[in-house]
Every structure is written in C-alpha cells, then in structure tokens.
> 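Here it is, the structure, as structure tokens.
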Number of protein chains: 2
Amino acid sequence: MSLRHAVLGLLSEGPASGYDLLKTFDVSLANVWPATQSQLYSELGKLAGAGLVDVVSEGPRGRKEYAITEEGLAELRRWVTEVEPTQVVRSDMLLRVFFLAQVSPEQARDYLRRRAEEAAKDLEHIESIREFVESGTDNLSVYGRLALEYGLRLAKSQKEWAEWAGGRIH
Amino acid sequence: MSLRHAVLGLLSEGPASGYDLLKTFDVSLANVWPATQSQLYSELGKLAGAGLVDVVSEGPRGRKEYAITEEGLAELRRWVTEVEPTQVVRSDMLLRVFFLAQVSPEQARDYLRRRAEEAAKDLEHIESIREFVESGTDNLSVYGRLALEYGLRLAKSQKEWAEWAGGRIH
DNA sequence: CATGCCATGTAAACAGTTACATGATTTA
DNA sequence: TAAATCATGTAACTGTTTACATGGCATG
C-alpha cells in the first residue's frame with residue numbers, strides 16, 4: 001500500500017488539495033511512484049475515513065485542503081522505519097532479453113542498442129533537471145536529490161550494460 | 001501484457017505444462033517477471049483461446065502440455081522487436097528516501113545502511129548462482145546470463161549509492 | 001498406507017489504468 | 001466571452017495476490 005504512504009509523505013510537508021498533490025506526483029514522484037488523478041482522489045477519501053488525514057478547509061470550486069493528522073504522521077514514520085521495502089521489481093525490458101534467441105542477431109543487437117540510447121537520453125534528462133532541483137531547500141528537494149542521484153547511477157549502469165550486452169551477441 | 005509474452009517466451013523453448021512453467025518462473029524469471037500459479041493457469045487458458053498456444057498432449061493427473069503455435073511465435077517476435085519496453089518502475093525503497101526528513105537522522109542513516117546491506121547480500125547471491133547458470137547452454141541460460149549481469153551491476157550500484165547517501169545525512 | 005510431489009482450477013480482494021462526466025474560476 | 005486552468009468525482013476494465021479446493025500418482 002505505498003500509494004497511501006506516498007500521499008501521507010507529501011502531506012507531511014504541509015496541507016494540500018488533491019489537485020496540488022497530483023502536480024507534485026507528476027513532478028517529483030513520476031519516476032518513483034506514479035499515481036493517476038483517479039487513484040489519488042479515492043485514496044484521499046480512504047485516508048480521511050481512516051483518520052490519517054483531515055479536511056482542513058474548503059475553497060472555491062469545491063477545493064478541499066487536506067492535512068496529515070498525528071496518527072497519519074505516526075503511520076508514515078512506522079512505514080519508513082519498520083516496513084521492509086518490497087524487493088520485487090518487474091522489468092519487461094529485461095524479460096525481452098531472455099527471449100532474444102527468438103529474433104535474429106541483428107534484431108537482438110538493435111534491441112540492446114536502443115536500450116543504450118534510451119539510457120543515454122535518461123542520463124541527459126537527469127543531468128538537465130539536476131541543477132533545477134539543486135536549488136530547492138525543502139525536504140522533498142533535499143532528499144529528492146538522493147533519489148535523483150540513484151536514477152543517475154542507474155541510467156549510467158543501464159547504458160554501460162546495454163553496450164556490453166550488445167557486444168556479446170554474435 | 002507482459003505475462004502473456006513471458007509465457008510465450010518460455011514455450012518458445014519447447015512444450016511444457018503449467019506446472020513446469022511455474023517452476024521456470026520461480027527459478028529463472030523470479031526477479032524479472034514473477035507470476036503466481038493462479039495467474040499462469042488462467043493465462044494459459046486465454047492463450048489457447050487466442051490460438052497462440054495449443055494443448056499438444058494430456059498426461060496423467062490431468063496434465064496438459066502446451067506448445068507455442070506459429071501465430072504465437074510471430075506475436076512473441078513482434079513484442080520483442082516492435083513494442084517499446086515500459087519505462088515506469090515503482091520503487092517503494094526510493095519512495096521512502098523522499099520522506100526521510102520525517103524520521104531522525106539516526107533512523108535515516110540506519111535505513112540507508114540496511115539498503116546497502118541488502119544490496120550486498122543480493123550481490124553475493126548473484127555471484128553464487130552465477131557459476132551455476134554459467135554451465136547452461138540452452139537459450140534461456142545464455143541470454144539469462146545477460147540479465148544476471150544486469151542484476152549484478154544494479155546491485156553494485158545500489159550498494160554504492162546507499163553507502164554514499166548514508167554519508168550525506170547529518 | 002501415508003507422505004510428498006504433481007497438477008489444475010476458482011473466487012475474492014486489492015491495485016492500477018483509462019475513459020467519462022461535470023462544473024467553477026481566472027485570464028487574455 | 002472564449003479558452004485555459006482549477007477541481008473533484010465515478011465507472012469499467014485489466015492485472016496481481018492470496019486463499020480455497022480438489023484430487024492423482026509415486027515412493028518409502
């Protein structure tokens with residue numbers, strides 16, 4: 001149930017509406033825990049029902065501002081410190097690698113070359129937003145930089161691996 | 001719909017029953033595309049209905065052996081060469097990093113230390129099964145080694161990153 | 001003849017995606 | 001006043017997990 005904790009985490013930085021949160025999801029959490037509008041609004045309803053968040057004000061256009069409760073904050077902390085992160089990661093990129101014997105060596109190399117190019121593009125993209133995020137002083141930016149560095153290293157590894165793997169196909 | 005293609009991919013190496021496939025999922029694909037028994041049997045039914053696989057023989061204990069059809073093989077090849085892999089990856093491990101400001105610096109460092117230890121354990125585990133997989137000459141083993149190398153590099157990166165990130169928490 | 005493994009299937013619950021639906025407020 | 005943006009919500013579908021259910025066959 002990480003969506004729930006993602007929402008609690010964002011609200012731990014201050015009150016916000018579903019609409020506000022959605023933008024933060026798209027900007028900060030897009031590559032870590034994406035969420036759709038549909039999911040978000042229903043999760044906020046459930047969190048309010050469970051007493052982990054409160055509606056603290058209602059604005060124009062039916063806007064509802066949510067704030068995390070003490071109980072919600074306690075649950076967030078418990079989740080961060082006591083719940084072991086999931087290990088399972090699905091990768092259809094890697095799944096295809098298992099079946100490369102079913103296509104020609106040219107196609108297999110091409111597949112890996114495209115992965116390397118994609119990783120290079122990701123790398124560039126991360127470098128480009130780095131300076132932007134570098135300036136933020138809020139918690140999300142400070143710790144987001146650690147996550148960004150993870151993405152950077154991951155993209156680098158992926159690029160090098162894809163180049164290496166391409167060279168192994170004869 | 002990657003489960004479908006994972007099944008087609010395994011069957012491209014030769015006929016097998018649901019039970020056989022399940023073991024292969026647990027051994028070879030556990031860290032790439034895990035599947036449950038429940039999912040597998042229903043997917044086989046759907047694949048047979050779509051003409052991508054056939055039941056080629058029925059054995060004792062209701063055992064049904066499935067084989068990939070020409071149509072299924074064509075679909076597998078199309079998926080490998082023409083369908084772009086999904087980029088979205090969810091990581092509740094990284095999600096927690098964004099919210100480390102909500103716990104004490106000691107707890108935050110501890111969290112990252114545990115990630116480094118976990119990655120070190122993964123690394124060891126991969127090294128240990130490496131020699132085992134090294135011996136296989138079937139397609140799945142040959143290409144599985146490329147995937148294994150990816151896992152190795154990923155675990156290394158993760159370990160180094162977690163150690164680095166832990167050093168940044170004051 | 002009991003235990004373990006082989007073998008398949010269904011049902012309910014939960015999580016996530018896509019599409020639909022509606023309407024208020026601001027700004028050019 | 002038209003277009004963009006703010007803002008929330010529901011419905012249908014797809015994919016995944018967990019639990020339940022059943023029974024055959026081989027081996028000690």
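Values reported hereafter were calculated over all heavy atoms of this structure, with side chains retained and with hydrogens, waters and symmetry mates removed. Numbered from 1 within each chain, the chains take letters A, B, ... in sequence-line order.
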> Measure distances between side-chain N and O atoms of B:Ser17 and base N and O atoms of C:dT8, and say whether any donor-acceptor pair falls under 3.5 Å.
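Looking at the base of C:dT8, it does not pair with any donor or acceptor on the side chain of B:Ser17 (distance under 3.5 Å).
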> Hey, is the main chain of A:Phe132 close enough, under 3.5 Å, to the side chain of A:Ser135 for a donor-acceptor pair?
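Indeed, once roles are kept as given, a pair shorter than 3.5 Å links the two residues.
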> So if I take every side-chain heavy atom of A:Met1 and compare against C:dA15, C:dT25, C:dT17, which nucleotide ends up nearest?
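Comparing C:dA15, C:dT25, C:dT17 against the side chain of A:Met1, the answer is C:dA15.
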> Of all nucleotides in DNA chain D that come within under 4.0 Å of a heavy atom of chain B, which is furthest toward the 5' end and which toward the 3' end?
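Span of nucleotides near chain B: D:dG15 to D:dC25.
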> Charged N to carboxylate O below 4.0 Å: is that the case for A:Glu106 and A:Arg109?
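Counted as a salt bridge, because a side-chain N and a carboxylate O are separated by less than 4.0 Å.
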> Identify which nucleotide among C:dC5, C:dT10, C:dT26 has an atom closest to any side-chain atom of A:Arg61, counting heavy atoms from C-beta outward.
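Nearest listed nucleotide: C:dT26.
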> Between B:Pro60 and B:Arg90, name the one whose nearest nucleotide on DNA chain C is closer to the 5' end.
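It is B:Pro60, whose closest nucleotide lies nearer the 5' terminus.
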> Tell me the interatomic distance from B:Asp20, atom CG, to C:dC5, atom C1', rounded to whole angstroms.
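The distance from CG of B:Asp20 to C1' of C:dC5 comes to 13 Å, rounded to the nearest Å.
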> Picking from C:dC6, C:dA19, C:dT10, which would you name as closest to the side chain of B:Gln37?
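Among the listed nucleotides, the one closest to the side chain of B:Gln37 is C:dT10.
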> In this structure, how many angstroms lie between the C1' atom of C:dA7 and the CG atom of B:Leu22, rounded?
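In whole Å, C:dA7 C1' lies 10 Å from B:Leu22 CG.
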> C:dT10 P sits how many Å from B:Tyr41 OH, rounded?
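Whole-Å distance recorded here is 12 Å.
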> Hey, is the main chain of A:Glu84 close enough, under 3.5 Å, to the side chain of B:Arg114 for a donor-acceptor pair?
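Between the backbone of A:Glu84 and the side chain of B:Arg114 there is no qualifying donor-acceptor contact (under 3.5 Å).
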> Measure OH/A:Tyr19 against C1'/C:dT22 and give the value in whole Å, please.
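Result: 15 Å.
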> Run the side-chain donor-acceptor check on residues 44-54 of chain B: report pairs under 3.5 Å with partners two or more places apart or on a different chain.
none

> Check whether any side-chain N or O of A:Arg115 sits under 3.5 Å from a backbone N or O of B:Pro85 as a donor-acceptor pair, and report yes or no.
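Absent.
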> Any donor-acceptor pair under 3.5 Å linking the side chain of B:Arg168 with the backbone of B:Trp164?
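It does not hold such a pair.
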> Rounded to whole Å, please give me the gap between NZ in A:Lys46 and P in C:dA15.
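Whole-Å distance recorded here is 7 Å.
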> When the distance from CZ of A:Arg63 to C1' of C:dG23 is rounded to whole Å, what number comes out?
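Atom CZ in A:Arg63 sits about 17 Å away from atom C1' in C:dG23.
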> Would you indicate what B:Arg4 reaches in the nucleic acid, counting non-hydrogen atoms under 4.0 angstrom: base, sugar-phosphate, or nothing?
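The answer is nothing, as B:Arg4 stays clear of every strand by at least 4.0 Å.
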> Measure from CH2 on A:Trp33 to C1' on C:dT17 and round the result to the nearest Å.
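After rounding, the gap between these two atoms is 15 Å.
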> In sequence, state the C-alpha distance, the side-chain angles, and the governing distance for B:Glu134 and B:Leu148, and then conclude on side chain to side chain contact (heavy atoms under 4.5 Å, CB included).
CA-CA 10 Å; B:Glu134 211 83 343; B:Leu148 199 71; 5.7 Å; no
> Could you state the atom-to-atom distance from NZ of A:Lys64 to P of C:dG23 in whole Å?
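So the NZ-P distance, A:Lys64 to C:dG23, works out to 17 Å.
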